[in-house]
Structures are given as structure tokens and as C-alpha cells.
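To start, the structure itself, in C-alpha cells.
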Amino acid sequence: LTVAALFRPRRVGIAHMAFFECHGLAFYSDPRICPLDDVSRPPHCSRSRGTPAWTPELLSAPHDAPDKAGRVRRMFNAIAPTYELVNTLFSGGRDAAWRRKGVELACVTYEDNVLDVACGTGDFARAFAVARPRCVIGSDFAHDMLRRAVGRSTDVGRSPAVSRSAGIDRSPAIRWSEADALRLPFADGSFSIVSCAFGVRNFADLDVGLREMHRVLRVGGRAVVLEF
């Protein structure tokens, strides 16, 4: 199951996100800060630095850069504080509605285990949690994105869709995992729903990323991909 918007995803993503980085709308974290509560992490600590990940020369062919994955990670770490605003601006304010529609089409039940790949600051993962599946895991390889996702985890409890249920919040706690979409640290067939919102355009290798999503998806499961 794929939900897709318009435009060319492999060109739009990096160029537009890099605009915010190159024009001073990025925030480079203190590289000494590595611990992140409530996030499972690989045995490395990738941090943002003060030098922009992309230059005008590299943006002429961003997908040809041999170190694309590292540059994408640095860029998203840098723009984490403005990432949600960027999606809202570039989607014309439609991004939240697309996420809600994606969750609706996934037909979520209380038996579902959901993995949101390249989850960023967690908007899509939180949208799935509102539908009350058994569990939701958000994974991303950008450490600073996950720091903000963890900080906003309690937003699910304030959602109108949750509060209508006799005042009882039955939405699952969201778990977060710092992981590369090309090497997901989950066993085959672990999830009944695998999602990715505005992320596949940034995969260093699109075919490998989609194969990984398929690998961790159960037989008969649902995949939801949002792009614009």
C-alpha cells in the first residue's frame, strides 16, 4: 500500500532541505553531547558539525556524492529544530493531513506492530500511536532528530483522537531506535505495518532501503510510503 503525493522525490528532498542549512536556518549541536534517553543506539556517536553538509557544487548532483549518507545525516542533525516547519512550508500545510490519511489507509488494529522508518522528529510515528496499535517504533539515523522525537513523545496523550476515549489514553508508548534504514536492526517479519514519510527520497540506495522495509514486514503486512 503506497500513498504518494506529487513531484520528483529524489530531487526535491535534499535540495530543499539543504537550502535551510545553507541559509543559516540550521542549528549545530554541541558535539560533546552524546547520551540520549529512551533511544536504542548503535555503538557510534554521529554528531552535527559547524560546516554545512552540502555546497552549491554538490547540490548539482547530490545523489552522485560518494558520501551521500553521511552528508544526509549531518544535514538532518543540523535542521532538526526547523524540520517540522520545513515539511509544513514545502507541502503547503498538507503534511499533517497526508499523515492522517496514511494511517487511515493502513487500517490499524490493536494487534499491529508498526515501524516508522526515517521517522525524523516522530510525526508519523505519533500519528500511528493515536490509532492504538500494539506497539510503535520510530527509527532514524539522525541523532538530533530522535532527541526531538523523544521530547515530543507525550504529545500523543494530548491528541483529540485519544482524549475522546472516555478520558483514557490507551495509545502505546513509542520506542525510538537510532538506525540506518539500509541496515535495520530488526528480525525478518517483525512488523505488520512499515511506514516512511518523506524519507525514501533521502535513502543512499533506494533499492536497498525498500528491500529492508520489505524484509522486516510480515507476509500480508502493509507498507505506507508518503512522498511529495
Judged by atom type as modelled, is there a donor-acceptor pair below 3.5 Å linking the side chain of [X] to the main-chain atoms of [Y]?
X	Y	result
Arg126	Thr121	yes
Asp112	Thr109	yes
Asp180	Phe141	no
Glu227	Gly199	yes
Arg215	Phe186	yes

Any side-chain heavy atom of [X] within less than 4.5 Å of one from [Y]?
X	Y	result
Val216	Leu115	yes
Asp123	Arg152	yes
Phe191	Ile193	no
Leu184	Ser139	yes
Leu210	His214	no
Arg147	His143	yes

Which distance, rounded to the nearest 0.5 Å, do you find between the [atom1] of [X] and the [atom2] of [Y]?
X	Y	atom1	atom2	value
Cys119	Ile137	SG	CD1	10.5 Å
Arg222	Ser195	CZ	OG	11.5 Å
Leu206	Arg211	CG	CZ	10.0 Å
Asp144	Arg73	CG	CZ	11.5 Å
Met145	Asn77	CE	CG	7.5 Å
Tyr83	Phe198	OH	CZ	7.0 Å

Which heavy-atom pair separates [X] from [Y] by the least distance, and what is that distance?
X	Y	answer
Ala204	Leu182	CB-CD1, 3.9 Å
Asp140	Ala118	OD2-C, 3.2 Å
Gly138	Ile174	N-CG2, 4.3 Å
Asp116	Ala125	OD2-N, 3.4 Å
Ala179	Pro185	CB-CD, 3.4 Å

Could you name each residue pair satisfying salt bridge (charged side-chain N to carboxylate O under 4.0 Å, His left out) that touches residues 87-96, not counting sequence neighbours? Asp95-Arg99
Using the ring of each side chain (for Trp, its six-membered ring), is Trp98 parallel, tilted or perpendicular to Phe228, with breaks at 30° and 60°?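 Rings of Trp98 and Phe228: tilted, as their planes differ by 30° to 60°.
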Quick note, ring-ring contact (aromatic ring centres under 6.0 Å, His included) partners involving residues 114-133, not counting sequence neighbours, are Phe124-Phe128
Judged by modelled atom types alone, do Asn113 and Ser192 share a side-chain donor-acceptor pair under 3.5 Å? no
